[in-house]
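What follows is one structure encoded as structure tokens, with my remarks underneath.
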Amino acid sequence: MAHPQRRPVAPRVQPGELADKLPASPPVQGAPPETILQDFESNILPHTVGWNHPGFMAYFAAGGSPEGALAEALMAALNNVGLLWKASPAAAELEQTTLAWLAQWLGLPPEWFGMFHTTASEASLHAVIAAREARAARAPLDLNKLTIYTSEHAHSSIEKTMMALGHGREACRKIATDDAFRMRPDALEEAIVRDVAAGLEPVAVCATIGTTSAASVDPVDAIADVATRHRLWLHVDAAYAGACGMLAECAEHFRGVERADSYLMNPHKWMWAPMGVTAFYTARPEMLQRALALTPEYLRSQQDPRAVNLMEYAIPLGRPFRGLKLWYLMRSFGREGYESTLREHLRWAQWLADQVDADPGFERMAPTLFSLVCLRARPADVVEEDLDGLNERLMEAVNASGEFFLSHTRLNGKLTIRVAIGNLRTRETDVQRLWELIQQRLADATGA
Ligand code: PLP
């Protein structure tokens with residue numbers, strides 16, 4: 001972690017290269033740690049991607065932190081499995097306490113029930129399970145007619161939830177967005193009315209704060225009005241941008257979240273927790289309990305309102321001691337530490353956005369509300385049909401440098417390069433260097 005730049009951010013390897021290097025059969029005899037670690041260093045490590053590298057700006061930054069690694073080691077050493085309160089009082093109580101602390105930082109309602117999931121995808125699955133239960137609690141529900149609503153820019157996990165629950169992809173209605181990639185409440189209203197008229201059963205709407213492609217923000221307050229009118233469960237996915245709930249200057253983006261029935265954000269993204277920590281909140285935990293509580297004799301334990309058994313609110317039984325990670329990180333950074341780093345990332349993203357806007361050879365593809373900058377090269381002498389190819393080559397050339405790792409998306413049908421700032425090791429000079437490199441590589445590609 002101290003020297004991530006020793007290796008290129010993304011390895012130059014071919015699919016199957018590592019698998020071919022490994023023995024075809026598993027070891028019969030155990031090996032000493034020195035041998036294993038040496039193998040790790042020489043064989044495994046060169047095939048890893050530097051998610052902790054300052055130049056990692058692909059997807060959304062989910063780089064870890066030394067603090068997180070230490071907390072993870074403590075967690076593994078104890079290996080408490082928090083299935084019931086009794087199985088690990090510390091795991092149960094730290095989970096609830098750290099999530100209550102986090103709710104204070106993020107300005108979420110203090111009465112919300114918090115629990116961890118491993119990923120945002122899992123948390124959204126549980127949100128839809130609860131939504132379905134809430135609807136079924138009111139009146140009989142024909143599961144074949146159930147629909148949910150989200151924007152065309154929502155993360156694929158929402159649609160996948162409907163596949164996993166057996167409702168099918170089509171039951172996830174994709175609502176049109178405006179010119180800033182925000183869900184249109186009028187289009188949402190129309191879709192719900194149309195579906196109700198067709199005899200379908202709308203149960204939930206999922207708004208996103210910080211969409212994956214463009215980091216756009218759905219108008220949660222206006223969506224909540226529609227949800228209230230039609231008695232739909234409102235789920236809010238703030239997987240990436242949720243950390244900015246700490247910042248007073250970002251409050252506008254989070255307007256209306258207190259009206260949600262469920263909410264998620266990922267400490268394993270922009271709070272530098274090691275992978276596997278999603279904070280999930282719900283105002284109606286009893287719906288999860290109704291849907292998922294099942295206690296066989298071997299798991300029966302004392303009834304005490306303060307002994308919360310989190311297995312009753314989720315599919316998995318065994319729960320990792322994730323509260324320890326968040327507790328360690330929150331104590332280590334403090335709110336001030338988080339706020340100052342988040343603000344730096346926002347400032348660098350704004351700087352890059354300004355460079356793009358000032359350069360006639362480039363175009364910004366989405367508003368820069370957080371730390372994601374969406375851009376593409378658009379040199380005057382290249383025709384529109386060739387721009388996708390040019391930008392793809394440009395991104396590949398930047399990635400081939402080994403200094404940076406960028407990813408792409410498509411916005412308004414156009415190939416868009418995403419620069420996702422958010423790594424703890426990234427410095428302002430890295431962002432400046434990236435811009436210089438992008439310009440150089442574009443000049444190489446166009447012979448300018
Ligand atoms: N929701 C949003 C908005 C995301 O951007 C992502 C991933 O980037 C996810 C959900 C899925 O996150 P996870 O990997 O925790 O399931």
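One is the number of the first residue; the rest follow in order along the sequence. Below, all heavy atoms of this structure are taken into account, side chains as well, without hydrogens, waters or symmetry copies. Atoms within each ligand, like the ligands themselves, are counted from 1 in listed order.
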| message | Is there a polar contact between ligand 1 and Asn266, counting only N or O atoms under 3.5 Å apart? | response | yes
| request: Ignoring angles and geometry beyond distance, decide whether Ala120 reaches within less than 3.5 Å of ligand 1 through its nitrogen or oxygen atoms. | output: yes
| request: Run through Asp142, Leu141, Leu146 and flag the one making a side-chain contact (heavy atoms from CB on, under 4.5 Å) with Asn144. | output: Asp142
| query | Taking distance alone, with no angle check, do Ser121 and ligand 1 share an N/O pair under 3.5 Å? | reply | yes
| task | Work out whether the distance between some heavy atom of Glu122 and some atom of ligand 1 is less than 4.0 Å. | result | no
| field | Atom indices of ligand 1, in the order listed, that fall short of 4.0 Å to a heavy atom of Gly210 | value | 3 (C)
| message | Counting non-hydrogen protein atoms only, what is the nearest one to atom 1 (N) of ligand 1? Give residue, atom name and distance. | response | Asp237 OD2, 2.6 Å
| said: Looking at ligand 1, is there an atom of it that comes within less than 4.0 Å of some heavy atom belonging to Tyr240? | reply: no
| Quick one: do Lys21 and Glu17 make a salt bridge, cutoff under 4.0 Å? | no
| said: Side chain or backbone, does Thr208 bring an N or O within less than 3.5 Å of an N or O on ligand 1? | reply: no
| query | Is a donor on one side and an acceptor on the other found under 3.5 Å between the side chain of His126 and the backbone of Glu122? | reply | yes
| field | Passing candidate, ring pair (Phe, Tyr, Trp, His ring centres under 6.0 Å) with Phe113, options Tyr263, Tyr281, Tyr313 | value | Tyr313
| request: Identify, by atom number and element, the atoms of ligand 1 in contact range of His268, meaning under 4.0 Å from any of its heavy atoms. | output: 15 (O)
| query | Are the aromatic ring centres of Trp270 and Phe60 under 6.0 angstrom apart? | reply | no
| Step by step, would you call His253 with Leu369 a side-chain contact (heavy atoms from CB on, under 4.5 Å)? | CA-CA 9 Å; His253 303 318; Leu369 304 181; 4.1 Å; yes
| task | Report yes or no: does Trp85 contribute a side-chain atom to a donor-acceptor pair with the main-chain N or O of Ala90 at less than 3.5 Å? | result | no
| request: Give the residue and atom name of whichever protein heavy atom lies nearest to atom 4 (C) of ligand 1, and the separation in Å to one decimal. | output: Thr212 OG1, 3.4 Å
| message | So if I count the atoms of ligand 1 from 1 in the order they appear, which ones are less than 4.0 Å from some heavy atom of Phe60? | response | 5 (O), 8 (O)
| request: Could you check atom 7 (C) of ligand 1 against the protein and tell me its nearest heavy-atom contact, residue, atom and distance included? | output: Lys269 NZ, 3.2 Å
| Any N/O of Thr211 closer than 3.5 Å to an N/O of ligand 1? | no
| Closest approach of any protein heavy atom to atom 11 (C) of ligand 1, naming residue and atom | His155 CE1, 3.3 Å
| query | Salt bridge check: are Arg173 and Glu190 linked by an N-O gap of less than 4.0 Å? | reply | no
| request: Indicate yes or no: does Asp221 engage Arg259 in a salt bridge with an N to O separation below 4.0 Å. | output: yes
